[in-house]
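Presented below is the structure to which this report refers.
Residues: numbered from 1 along the sequence shown. No experiment lies behind these values; they were computed from the predicted model shown.
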Amino acid sequence: MKETVVSGIRPTGQLHLGNYFGAVTNFVKMQYDYNCYFFIADLHSLTTHPTPQDLHGYVRHVLVEYLACGINPEETTIYIQSDVPEVAELYLYLNMNAYMGELERSTSFKDKVRSQPDNVNAGLLTYPTLMAADILIHKATKVPVGKDQEQHLEFTRTFGNRFNRLYNSDYFPEAFAFNYSQNLVKVPGLDGNGKMSKSSGDSNCIYLADSPEIIRKKLSRAVTDSGPTEENQVKPEAIQNLFDLMKIVSPADTLKHFDELYNKMAIRYGDFKKQLAEDMIVFNTPIRERIEDLSKDSAYLRQVAKHGALKARESAQKTIKEVRELIGFKSF
């Protein structure tokens, strides 16, 4: 039996190179080695109150882009969270045994209270419970998450183990963080600070669906400095970020050429950014073209979503049936 892996992504917009190298490329590889459930977390996104039009559009974007990147619906289960009502049912049961104090200690909840004091809703408080339901509904043991999500996985283990103790069973297994690749790729943004992130604005990201014109425009505006002041100096963060991007999308001899120019104080940032833009366009074009083709095929997208929901519900219904029996819900 293959181990079960679960991972979800909130539909908050288009996928960018950071999402692609940080997660999706590993999903494409692991779908052949594990029993994978990849879902689009539209229930989670309701904490930010998207409009119906935006919500549907963003869900569609993620579905299209998952498929365009190589996630195969015949090899894995791709589904939309709200298509599996058993998740919401398990969420309710877990909430009955989740305590106010522990939920209020969640780092992500405290961050949201500070950043959006006018929208501190119950969904934010119980976010870890819904995440636990996503994982436990398929009895997953591996969850690809970053450092910022590890506390949520601790909550998942807490809620699963608490259920087991309350109902005198060993029903739910423990789930742990999982890095499929030992060489995780961190993709920097274009603003000179840290990783590529939608929260820093569209100009910080190269989206998988970006046209060549948009990529050239974004790269031309990427943050640089006035140039090196001595040979072989350590590159400042903003410059190193651009070299790190070139390392990801450009041939090795191109990277070496511009690195040597930098070390000799002969680099021209305009030429460097133009080359980086063209290499990024070459890399991005096959994915962008698949996104454009899939976006036109609504019938296929409906088929994938329906097929994924059926597969996910088969697993989820089995779990809910057994959970209800353990709790004591019985028919007369």
Side-chain angles (χ1 to χ4, degrees), residues 3-10 12 19 22-23 26-27 30 34-48 81 84 86-116 120-182 184 186 195 197 199 312 315-316 319-320 322-323 326-327:
E3 285 190 89
T4 297
V5 174
V6 167
S7 184
I9 184 169
R10 291 175 71 226
T12 55
N19 302 132
N26 281 334
F27 293 172
M30 70 175 68
Y34 296 90
N35 179 31
C36 294
Y37 292 89
F38 299 133
F39 68 94
I40 302 169
D42 54 346
L43 295 179
H44 283 284
S45 72
L46 296 181
T47 60
T48 56
Q81 187 185 28
V84 183
E86 291 79 11
V87 171
E89 185 173 345
L90 184 58
Y91 172 47
L92 184 149
Y93 299 153
L94 295 176
N95 269 331
M96 298 302 183
N97 302 313
Y99 301 112
M100 192 83 164
E102 64 189 347
L103 292 172
E104 287 177 332
R105 288 193 293 274
S106 164
T107 302
S108 63
F109 177 68
K110 289 189 285 188
D111 289 344
K112 293 294 185 185
V113 169
R114 284 192 294 268
S115 64
Q116 52 184 67
V120 183
N121 56 66
L124 290 174
L125 180 66
T126 58
Y127 199 95
T129 326
L130 182 53
M131 182 172 172
D134 292 322
I135 296 164
L136 296 174
I137 199 75
H138 301 300
K139 303 177 77 171
T141 55
K142 295 187 182 301
V143 185
V145 293
K147 283 283 183 186
D148 58 336
Q149 293 287 311
E150 285 186 355
Q151 188 186 36
H152 284 162
L153 262 187
E154 290 176 17
F155 276 119
T156 298
R157 291 191 291 272
T158 296
F159 299 147
N161 288 334
R162 185 175 293 156
F163 180 94
N164 291 346
R165 288 195 304 274
L166 279 168
Y167 298 107
N168 194 28
S169 73
D170 58 356
Y171 186 73
F172 287 121
E174 291 192 327
F176 292 92
F178 175 47
N179 290 330
Y180 186 70
S181 170
Q182 296 303 311
L184 295 179
K186 294 182 180 178
K195 68 178 182 178
S197 171
S199 62
S315 166
T319 299
I320 286 297
E322 293 167 350
V323 163
L326 285 168
I327 291 173

* To do: List the atom of Tyr91, the atom of Gly123, and the distance in Å for their closest heavy-atom pair.
  => OH-CA, 4.4 Å
* Provide the closest heavy-atom pair for Val84 versus Ala312 in the form atom of the first, atom of the second, distance. => CG2-CB, 3.7 Å
Side chains of [X] and [Y]: does their closest heavy-atom pair fall under 4.5 Å?
X: Phe109; Y: Pro128; result: no
X: Thr156; Y: Leu136; result: yes
X: Phe155; Y: Thr129; result: no
X: Gln151; Y: Ser108; result: no
X: Thr4; Y: Tyr34; result: no
X: Val5; Y: Phe27; result: no
X: Leu153; Y: Ile135; result: yes

Find the distance between [atom1] ([X]) and [atom2] ([Y]) and round it off to the nearest 0.5 Å.
X: Leu130; Y: Thr47; atom1: CG; atom2: OG1; result: 9.5 Å
X: Thr107; Y: Lys110; atom1: OG1; atom2: NZ; result: 5.5 Å
X: Asn95; Y: Leu90; atom1: CG; atom2: CG; result: 9.5 Å
X: Met131; Y: His152; atom1: CE; atom2: NE2; result: 6.5 Å
X: Glu89; Y: Thr319; atom1: CD; atom2: OG1; result: 11.0 Å
X: Glu86; Y: Ile320; atom1: CD; atom2: CD1; result: 6.5 Å

* Asked: Are Phe159 and Phe163 near enough that their ring centres are under 6.0 Å apart?
  ->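 That pair fails the under 6.0 Å test.
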* Structure fact -> Residues at least two apart in sequence or cross-chain that pass salt bridge (charged side-chain N to carboxylate O under 4.0 Å, His left out) with Glu154, listed by chain then number, are none
Could you tell me whether the side chain of [X] and the main chain of [Y] form a donor-acceptor pair under 3.5 Å?
X: Glu3; Y: Asn35; value: no
X: Ser7; Y: Phe38; value: no
X: Arg162; Y: Asn97; value: yes
X: Gln81; Y: Leu43; value: yes

* Asked: Do Ser315 and His138 meet the criterion of a side-chain donor-acceptor pair at a distance under 3.5 Å?
  ->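 The criterion, which ignores hydrogens and geometry beyond distance, is satisfied for His138 and Ser315.
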* Please say whether more than 12 non-hydrogen atoms of neighbouring residues, nucleotides or ligands are located less than 6.0 Å from NZ in Lys112. => no
* To do: Describe, in one word, how the ring planes of Tyr127 and His44 are oriented to each other, choosing from parallel (under 30°), tilted (30 to 60°) and perpendicular (over 60°).
  =>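 It falls in the tilted class, 30° to 60°.
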With a cut-off of 3.5 Å and sequence neighbours excluded, list every side-chain donor-acceptor pair involving residues 166-178.
from: Ser169; atom 1: OG; to: Tyr171; atom 2: N; distance (Å): 3.3
from: Tyr171; atom 1: OH; to: Glu322; atom 2: OE1; distance (Å): 2.5
from: Glu174; atom 1: OE2; to: Asn161; atom 2: ND2; distance (Å): 2.7

